[in-house]
Amino acid sequence: PQFVEGKVHQNLVLGFQNPLVSAAYILAMLMLGLHLYHGVWSMFQTVGVNHPKYTPLLKKLAAGVSAFLVLGNISIPISVLAGVIK
């Protein structure tokens, strides 16, 4: 199979069947997760929500949002490599 314009599912599977492509994508998503964690946490500081009482909860919220997005995104290449998505 080769890349076919407009065949999104086929192209996604074809691309992620290459372990190097999947590894690069997963690494990029992990880096994006760090960026999102920092961004979400900084957003609260920027708007003035910075108090010792709320800081631990806000950091957990930032970590949770980032983890949710990263895990969802890396589940795609992992599913292709595992043969779940064909």
Side-chain angles (χ1 to χ4, degrees):
Q2 291 185 351
F3 178 87
V4 178
E5 188 173 339
K7 298 267 187 170
V8 178
H9 182 269
Q10 176 182 323
N11 295 334
L12 177 132
V13 172
L14 179 65
F16 285 139
Q17 284 176 339
N18 182 334
L20 290 176
V21 170
S22 290
Y25 180 84
I26 290 169
L27 178 62
M29 289 301 108
L30 292 171
M31 293 171 70
L32 174 65
L34 292 173
H35 179 69
L36 284 172
Y37 170 76
H38 174 74
V40 171
W41 167 237
S42 293
M43 174 187 67
F44 289 116
Q45 286 185 317
T46 299
V47 297
V49 184
N50 189 10
H51 188 276
K53 181 178 179 181
Y54 304 116
T55 297
L57 177 64
L58 295 174
K59 284 188 174 185
K60 287 179 184 175
L61 176 67
V65 168
S66 300
F68 177 77
L69 292 169
V70 169
L71 291 174
N73 284 336
I74 68 172
S75 71
I76 300 166
I78 291 171
S79 296
V80 171
L81 289 172
V84 175
I85 298 176
K86 298 178 182 180

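To the nearest 0.5 Å, the span separating CG on L27 from CG on L32 amounts to 11.5 Å. Once rounded to the nearest 0.5 Å, the distance linking NZ of K60 with OG1 of T55 reads 12.0 Å. How far CD1 of I85 is from NE2 of H9: 6.0 Å, rounded to the nearest 0.5 Å. Rounded to the nearest 0.5 angstrom, I78 CD1 and S22 OG are separated by 8.5 Å. Rounding to the nearest 0.5 angstrom, the gap separating the CE atom in M29 from the CG atom in N73 is 5.0 Å.
Evaluation of the ring-ring contact (aromatic ring centres under 6.0 Å, His included) test over residues 19-49, restricted to residues two or more places apart or in two chains, returns F16-Y25.
Under the 4.5 Å side-chain heavy-atom criterion for Ile, Leu, Val, Met, Phe, Trp and Tyr, V47 and Y54 are members of the same hydrophobic cluster. Under a hydrophobic-cluster definition in which Ile, Leu, Val, Met, Phe, Trp and Tyr are linked whenever side-chain heavy atoms come within less than 4.5 Å, directly or via other members, L81 and V70 are assigned to different clusters. Hydrophobic clustering (side-chain heavy atoms under 4.5 Å, transitive across Ile, Leu, Val, Met, Phe, Trp, Tyr) keeps L34 apart from I74.
Other residues, nucleotides and ligands contribute at most 12 non-hydrogen atoms within 6.0 Å of the CE atom of M31.
Using a distance-only test at 3.5 Å, with no hydrogens or angles considered, no donor-acceptor pair links the side chain of S66 to the main chain of A63. Between the side chain of N11 and the backbone N or O of E5, no donor-acceptor pair lies under 3.5 Å.
Nearest heavy-atom pair, Q2 versus Q10, reported as atom, atom and distance to 0.1 Å: O-NE2, 3.1 Å. Scanning both residues, N50 and Q45, for their nearest heavy atoms gives ND2-NE2, 3.8 Å.
V8 belongs to no multi-residue hydrophobic cluster, having no ILVMFWY side-chain contact under 4.5 Å with any other such residue.
No side-chain heavy atom of L36 sits under 4.5 Å from any side-chain heavy atom of V65.
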